[in-house]
Structures are given as structure tokens and as C-alpha cells.
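Have a look at the structure below, then the notes.
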Amino acid sequence: MEIFPMYQSALLQDLQARGLIAQITDAAALDELLSRESVTLYCGFDPTADSLHLGHLVPVLLLRRFQQAGHKPIALVGGATGMIGDPSFKATERKLNTPDVIAGWVGKIRGQVEPFLAFDGDNAAIMANNYDWFGSMNCLEFMRDIGKHFSVNAMIKKESVQQRLQREDQGISYTEFSYSLLQGYDFAELNRRHGCTLQIGGSDQWGNIVAGTDLTRRLNQKHVFGLTLPLVTKADGTKFGKTESGAIWLDAKKTSPYAFYQFWLNTADADVYKFLRYFTFLSVAELDAIEAADKASGQKPEAQRILAEQATELVHGRAALEAAQRISHSLFSGNLETLTESDFEQLAQDGVPGVALEKTTAGLIDVLVAAGLAKSKSEARGFLQSGSVAVNGQKVDALDHQIADAERRFGRFTLLRRGKKNYAMVRWP
RNA sequence: GGAGGGAUACCCAAGCGGUCAACGGGAUCAGACUGUAAAUCUGACGGCUCUGCCUUCGAAGGUUCGAAUCCUUCUCCCUCCA
């Protein structure tokens, strides 16, 4: 255990023990405030895609943690800021999306955040959209009322934009450079409207958050706070939240609950106890007990299973978790021979990637490519030659293998496996 | 404005007229081992109608029986001098 300041607030104590605190603007004063009263806090999510991904989950869960501790969360979706693009620590200028695309994304992201928060009771959560105050603001107003409070001298010193200023081949547009003024003003506006006194965000947001605390002090003469979360890192140095097939999304249509469950199940031992602290609501005491039990057992650790269950249920719900477990069981420890027709239907429905073919005759190589298990026929041949392909659980290595009628379960389904963990279900006409 | 250096597959990086689809390393994928781990070892790693063929070495032309390798022009990066 590292040495850390003793907070009086139970919430900060818990966050500290979970490793969820990177920086706080005025830790002592915030600690005092949080232990004294219910605080209104916010976190912003910009619509940069049609779904949030795992990187957004930590702050979303943090809003929930605050709410469970009796504080009032505001989830802000950046209908306005999303139209500008945050340059913080981004190597290149962003491509602007059209307003109607962004508006569509705002709706989706709103829908994804809402289930994590409670909208009743004294500390009911609030959904906000900064387009509400920026949409009608005119340019002169912005320049005079907001811009006047920002020093360009200070802004260009920020680490978050340094690489964009120093690199000759990558500039930064005036648009993106202005981003932190918008986010700064959000804080002031939420402070005025809802008495919001704390902003949370990833550690890359520190510069923008401080812009907000400064601006709120100047505009509203209010002392407000910022708290950042550490960047989620992996022990092996690779980027968290990505797999070979791309980002892990919270949207079940983009990343199935099964894939989501599998992602967590495959967490490295070196990371799993940290991730349990980040991504579950199990108490630190419970987590310590799990870790101790795993170390003592000398067997396969339980931590990955617990993490996968907790995280999947949290994001996709109980039913989706059970479906993911059902598939995982059939594919990895069950006997494929015993699957019934309705089990196959269920697998397809529950999220095993699949492809529907139109012809009934097909060489295995073509089917592997069609099912997305191989990028090209050459690759498919390579997989066959290395003995990594199985049809309905039976290893096949013949390059000219044709899918036979006997390999179509119930005349309709063929389950392909490439490597140990990549499955695809082929549906025949 | 002047003088040099460079641009090679996902990344780094050899090659400098034929034996080059292009050394080597990393990443990735797969096999063995295992816990659907890690580490380690082994293999694959442009495409295809695959003992061969096609398309690739910043772009476009040219020389040559033959070019990633030579020539010309262009584009972009780096260093030094004004």
C-alpha cells in the first residue's frame, strides 16, 4: 500500500483505496465539503462516436459512486463541444462531423449513460447538454464574456496542446484551441444553474477542468473543484480497451455482451485486481479477500471470472450476462454435440458472430473468409495448414475441404472455430 | 534563396542492376505447453484460379533483355548555411 493522505470523507477514502484518484484541485477543501454535505458534480461526455467505449466507463461509474454516496450527479453530453473537438493530447486535428450526425450521437450517448444513474430521490441525477447554452450564444458575447477571462499565454503552455504546437507537420486550428473555453464555461454554467461544485474526468481533462474552476471563480465568484481519474493502463504497456477487432464499446450492437464478457475474462493476472477496483462496486475489503484467496489457492484465479461477471452485469444487465455465460460454457467447456437446435438459435441471438450464406455449396476456405475468421484466402490457408480451424469442434486441415451436409447441424448451422477463442456461426439457407 | 541527407510492407529497418514479395527486429496471428493466463519454444505474416501467376519498395516518366536498386521531373520530411 502506498502512503496517501487520510481523507475524512468515506467516499474519498474508498476512491483512494481503489486507485481512482489522479489529481484534485484542492484536496483538503473538497474532502471537507464532501464529508459535510451533498455535492452536485458533473462529468462531460462528447459525442465523438455513436457509442461510448470502455475508456468512458470509469468516469460513468464514478458518477454512480458519487451518487451512491449521496451526491448529485450531472451527466453532460457535449452537443456543442462535440462539434468543436477536444485537442487535449490528440496528435492530429479532428475531422468535423455534421450537426445532424452529432445530434444523433448525443441521443445515443445519453441513453447509454442514463441506466447507470438514478433519477429519483433527493439527489436525483440530471442529464444536461451544453448545446442548450452554446447553441444560441452569439460570437461577440462569447468573445467578451468568456474569452476575456482566458490568457493565451497560459493556454499555450498547457501540456495537453504542446505536441500540437511544437510539431511542424501538425498544427492546431483556432477552433480546437478554443475548446477549453467551452468546457470551462460549461462548469460555470452548471454551477449557476444547478449549484455544481465539482467536475470529474480523465486525467487528460485536467487542463480543461482547471479552465472551468478558474472561469467559475471569475464569473460566479465561487470556489469549485476538479478531480481527475488515472488513465487506465495495462501492465504490458499496450492500450487498454482494445482488441484485434477494435475498441470495446458499451453498445451491445457494436460489442456483443458475449464479446464484452470474454474481454474481461481474458484480463491478465497483472491487471485483474486493479481492474476489479476500477470497474466493480465490490468493496475494497471483498476485493482484498478475493486477491488473497487467489494467491493462496495456487490454482487458476477466480478474479477474471468475478470481474467479467460484475462488469458485464453492470453494463448489459443480468439477462445478457447469463446469455454470455451460456455461450461461453457451450463453446469452451461444453460439448458441441449436445447443442440443440434452439441452442444454436440462442447462440446467434446471444452474440456469437455469424454470417448467413446464400449458396449451400462452399469450400471451407471461402466460408472462413465470409465468416470473417480470415482476412484473405491466403490467411485461411495458413490457418488450415497450422491446424487451427475446427468445424463443429472437429479439427479440419484439408485445404480443399467442402462443407458437407453432415456438417450442417439441423441442416442450418455450422460452427467454425479459428484458434482457441474465435468463433463464427454460419447459417445456411 | 543556397548546400547536403532521406522517403522500403502495420511500425522500426536492411537492400543499392538479375539469385527480391524484398535480411533483421517489433507488433500481430497460429501451433505446443497452460488457466480461454504469463513466460518459453515453433510456424505464418501482399494477393490469387498457389510446384505457378499477379500487384508492391513516395509519385510520374525514362534507360535496360531485366530496376526497390541507374537517369529525369515532381511531392513531402530532416540537417546545415544565408
Side-chain angles (χ1 to χ4, degrees), chain A residues 91-92 163-164 166-171 233-248 255-276 290-291 293-309 311-312 321 323-336 347 350-353 361-391 393-402 415-424:
Chain A
T92 55
Q163 63 166 318
R164 294 281 289 278
Q166 283 167 0
R167 282 180 57 176
E168 303 234 337
D169 57 327
Q170 285 296 338
T233 55
K234 295 205 293 178
D236 64 7
T238 57
K239 201 168 175 359
F240 168 76
K242 298 268 188 201
T243 64
E244 44 162 326
S245 47
I248 302 291
T255 299
S256 71
Y258 161 71
F260 190 85
Y261 178 81
Q262 284 288 324
F263 170 82
W264 292 111
L265 206 58
N266 285 299
T267 304
D269 292 2
D271 296 317
V272 70
Y273 302 102
K274 178 168 81 173
F275 290 176
L276 278 165
I290 291 168
E291 187 166 357
D294 277 346
K295 296 234 157 94
S297 79
Q299 311 237 316
K300 178 183 168 182
E302 289 296 298
Q304 280 87 348
R305 200 201 82 238
I306 295 167
L307 174 61
E309 286 173 3
T312 307
L321 166 64
Q325 287 177 314
R326 199 161 51 231
I327 304 179
S328 298
H329 182 76
S330 333
L331 298 185
F332 290 99
S333 42
N335 185 348
L336 297 180
L347 287 178
D350 286 351
V352 169
T361 56
L364 181 53
I365 286 178
D366 293 308
V367 175
L368 284 169
V369 175
L373 289 179
K375 286 200 283 289
S376 68
K377 294 183 185 180
S378 298
E379 193 175 71
R381 283 187 195 95
F383 288 138
L384 283 169
Q385 280 162 351
S386 59
S388 53
V389 176
V391 176
Q394 296 295 311
K395 186 160 146 188
V396 173
D397 58 9
L399 290 178
D400 57 355
H401 186 88
Q402 298 286 317
L415 194 59
L416 301 174
R417 189 186 77 211
R418 184 212 86 209
K420 285 196 171 62
K421 317 177 199 178
N422 306 287
Y423 284 92

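Proteins come first, then strands; the chains are lettered A, B, ... in the order of their sequence lines, and each starts at number 1. All values reported here derive from a predicted model rather than from experimental measurement.
- Following rounding to the nearest Å, A/Asp366 (CG) and B/U49 (C1') show an atom-to-atom distance of 11 Å.
- Nucleotides B/G62 and B/A68 have their P atoms positioned 15 Å apart, rounded to a whole Å.
- Between the side chain of A/Thr312 and the backbone N or O of A/Glu309 there is no donor-acceptor pair closer than 3.5 Å.
- Nucleotide B/G1 is matched to B/C81 when pairs are restricted to Watson-Crick or G-U wobble geometry with both distances under 3.5 angstrom.
- Contact record, A/Ile327 with A/Leu347: CG2-CD2, 3.6 Å, taken as the closest heavy-atom pair.
- In terms of heavy atoms, A/Gln262 sits closest to A/Ser328 at NE2-OG, 2.9 Å.
- Contact check, A/Arg418 against B/C29: no side-chain N or O comes under 4.0 Å of OP1 or OP2.
- Across all strands shown, A/Gln262 has heavy atoms under 4.0 Å from base atoms, whether or not it also approaches the sugar-phosphate.
- In this structure, A/Glu379 places its CD atom 7 Å from P of B/G47, rounding to the nearest Å.
- No side-chain donor-acceptor contact under 3.5 Å links A/Glu379 to the backbone of A/Ala374.
- When the P atom is used for both B/A82 and B/C76, the distance is 25 Å, rounded to whole Å.
- As a whole-Å value, the separation of A/Ile306 CD1 from B/G35 P is 19 Å.
- As the counterpart of B/U55, no nucleotide is assigned, since no Watson-Crick or G-U wobble pattern has both distances under 3.5 Å.
- Taking every heavy atom of both residues into account, A/Asp397 and A/Leu384 meet most closely at CB-O, 3.4 Å.
- B/U40 is paired with B/A32 under the Watson-Crick or G-U wobble criterion, all donor-acceptor distances under 3.5 Å.
- For the C1' atoms, the distance from B/G17 to B/C80 is 33 Å, rounded to whole Å.
- Rounded to whole Å, atom C1' of B/U36 lies 9 Å from atom OH of A/Tyr258.
- Checking the phosphate oxygens (OP1, OP2) of B/A30, no side-chain nitrogen or oxygen of A/Lys375 falls inside 4.0 Å.
- The separation between A/Phe332 atom CZ and B/A37 atom C1' is 13 Å, rounded to whole Å.
- Remark: the separation of the C1' atoms in B/A14 and B/G24 is 7 Å, to the nearest Å.
- Taking atom P on both nucleotides, B/C20 is separated from B/G46 by 16 Å, rounded to a whole Å.
- Side-chain atoms of A/Lys300 lie closest to B/G35 of the nucleotides B/C33, B/C29, B/G35.
- Distance, A/Gln325 CD to B/U36 P: 16 Å, rounded to whole Å.
- Annotation: B/A67 and B/A21 have their P atoms spaced 12 Å apart (nearest Å).
- Base pairing of B/A9: no nucleotide in any strand meets the Watson-Crick or G-U wobble criterion (both distances under 3.5 Å).
- When the side-chain nitrogen and oxygen atoms of A/Ser386 are compared with OP1 and OP2 of B/C29, none of them lie within a distance under 4.0 Å.
- For the pair A/Asn422 and B/A30, the criterion of a side-chain N or O lying under 4.0 Å from OP1 or OP2 is met.
- Here A/Ser378 lies in heavy-atom contact (under 4.0 Å) with a base.
- Straight-line distance from the NZ atom of A/Lys234 to the C1' atom of B/A27: 13 Å, rounded to whole Å.
- Put simply, the side chain of A/Val352 reaches to within 4.5 Å of the side chain of A/Leu331, judged on heavy atoms.
- Comparing A/Gly382 and A/Leu265 along RNA chain B, the residue whose closest nucleotide (by nearest heavy atom) sits nearer the 5' end is A/Leu265.
- Counting only heavy atoms from C-beta outward, the side chains of A/Val272 and A/Pro301 never approach each other to under 4.5 Å.
- At B/A37, one or more side-chain N or O atoms of A/Lys421 fall inside 4.0 Å of OP1 or OP2 (strictly under the cut-off).
- Residue contacts for A/Gln385: at a heavy-atom cut-off of 4.0 Å it reaches no nucleic acid atom on any strand shown.
- Where A/Lys395 and A/Lys377 meet RNA chain B, the nucleotide closest to each residue was compared, and A/Lys395 sits on the side nearer the 5' end.
- The interatomic distance linking A/Lys420 (NZ) with B/U34 (P) rounds to 10 Å, in whole Å.
- Out of B/G47, B/G31, B/C29, the shortest distance to the side chain of A/Ser376 is found at B/G47.
- Atom P of B/U40 sits at a distance of 40 Å from the matching atom of B/C53, rounded to the whole Å.
- The side chain of A/Gln304 lies closest to B/G35 when the candidates are B/A37, B/G35, B/A30.
- With C1' as the reference atom, B/C33 and B/G25 are 25 Å apart, rounded to whole Å.
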